[in-house]
Amino acid sequence: MSLMLFGLLAVMLVFMFLNTRKRQKQMKEQQEEKATKTVPGVKVLLQGGLYGTIVSYDPVDLDKPARVEIAPGVVIEVHSQAILRLVDETAEGDVLIDTPVTDVDAPAQDRTDGIESIKVETPEETKARLERNDEN
């Protein structure tokens, strides 16, 4: 009877070991994929719930902070692992930065608040603007 229990325990331990190794391999592949796709100009979601655009990111040295632009001209440094995921603007269910919000308390359409129009930049335009700012 005790031999059977030890056998069952051994099978469970082997299963747990193999399952853990499989999960670690999957996580490593996901991290490597995220590191290769994280380039300047890509929109990301940070763990704090902020959306932003990558300014600089070092996929080799993950201890080096990543620079993320959360508003035009506002660049913050975050730990590279604070990048939760890349935002695919065409994916269904993602909240987009440029999605208009309709609110009951919104001002009337003919009223202006000093903002003539808001231009949403493409990743290429953001990268070019940031490179121009770095040169100055």
Side-chain angles (χ1 to χ4, degrees):
M1 182 73 170
S2 63
L3 184 62
M4 194 164 125
L5 287 175
F6 283 121
L8 183 61
L9 180 63
V11 169
M12 287 177 49
L13 288 175
V14 168
F15 176 74
M16 287 175 43
F17 177 75
L18 293 176
N19 196 22
T20 302
R21 287 183 48 101
K22 180 180 173 184
R23 180 71 179 143
Q24 286 176 345
K25 184 178 176 183
Q26 287 176 344
M27 287 179 66
K28 186 174 182 175
E29 288 174 0
Q30 289 174 351
Q31 287 175 347
E32 289 174 356
E33 180 183 355
K34 184 174 84 169
T36 58
K37 290 183 178 180
T38 305
V39 294
V42 173
K43 293 187 181 193
V44 294
L45 173 64
L46 301 177
Q47 285 187 0
L50 294 173
Y51 286 90
T53 305
I54 295 291
V55 175
S56 67
Y57 178 81
D58 188 4
V60 177
D61 184 13
L62 294 179
D63 289 330
K64 185 176 179 182
R67 297 180 68 215
V68 179
E69 183 181 44
I70 56 174
V74 180
V75 178
I76 61 172
E77 287 187 351
V78 297
H79 193 278
S80 60
Q81 293 179 349
I83 298 170
L84 187 62
R85 64 184 164 104
L86 306 177
V87 177
D88 183 12
E89 292 187 16
T90 60
E92 201 171 335
D94 281 341
V95 177
L96 301 178
I97 297 172
D98 56 349
T99 302
V101 177
T102 57
D103 191 15
V104 178
D105 298 327
Q109 291 293 335
D110 59 347
R111 184 174 168 198
T112 60
D113 293 332
I115 301 174
E116 303 304 324
S117 66
I118 298 175
K119 182 181 179 288
V120 178
E121 294 179 334
T122 64
E124 292 80 19
E125 292 171 335
T126 302
K127 184 177 179 183
R129 179 177 52 81
L130 292 171
E131 287 173 353
R132 283 193 309 266
N133 289 346
D134 285 341
E135 291 173 1
N136 294 333

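Heavy atoms only, all atoms of each residue included: K34 and I83 are closest at NZ-O, 2.6 Å. The two residues Q81 and L62 come nearest to each other via the heavy atoms NE2-CD1, 4.2 Å. The two atoms that bring P123 and G41 nearest to each other are CB-O, 2.8 Å, heavy atoms only. The minimum heavy-atom distance linking V87 with V44 is given by the pair CG2-C, 3.6 Å. Considering every non-hydrogen atom in both S80 and D63, the closest pair reads OG-N, 4.5 Å.
Cluster annotation: M4 and L9 are assigned to distinct hydrophobic clusters (Ile/Leu/Val/Met/Phe/Trp/Tyr, side-chain heavy-atom contacts under 4.5 Å, transitive). A continuous path of hydrophobic side-chain contacts links F17 to V14 [ILVMFWY only; heavy atoms under 4.5 Å]. Linking Ile, Leu, Val, Met, Phe, Trp and Tyr whenever their side-chain heavy atoms come within less than 4.5 Å leaves V75 and Y57 in two separate clusters. Hydrophobic clustering (side-chain heavy atoms under 4.5 Å, transitive across Ile, Leu, Val, Met, Phe, Trp, Tyr) groups L86 together with I76. In the hydrophobic clustering of this structure, L50 does not group with V55; members are Ile, Leu, Val, Met, Phe, Trp, Tyr whose side-chain heavy atoms approach within less than 4.5 Å, directly or through other members.
Atoms CD and CD, from E33 and E29 in turn, are 9.0 Å apart once rounded to the nearest 0.5 Å. R129 contributes atom CZ, which lies 4.0 Å from atom CD of E69 (distance to the nearest 0.5 angstrom). One finds the CG atom of L130 at 7.5 Å from the CD atom of E121 (value rounded to the nearest 0.5 Å). In this structure, the separation between OG1 on T38 and CD1 on I54 is 6.0 Å, given to the nearest 0.5 Å. Once rounded to the nearest 0.5 Å, the distance linking CD of E32 with CD of Q30 reads 11.0 Å. Put simply, CG on L8 and CG on L13 are 9.5 Å apart, with the number rounded to the nearest 0.5 Å.
Heavy-atom neighbours of L18 CG from other residues, nucleotides or ligands within 6.0 Å: above the threshold of 12.
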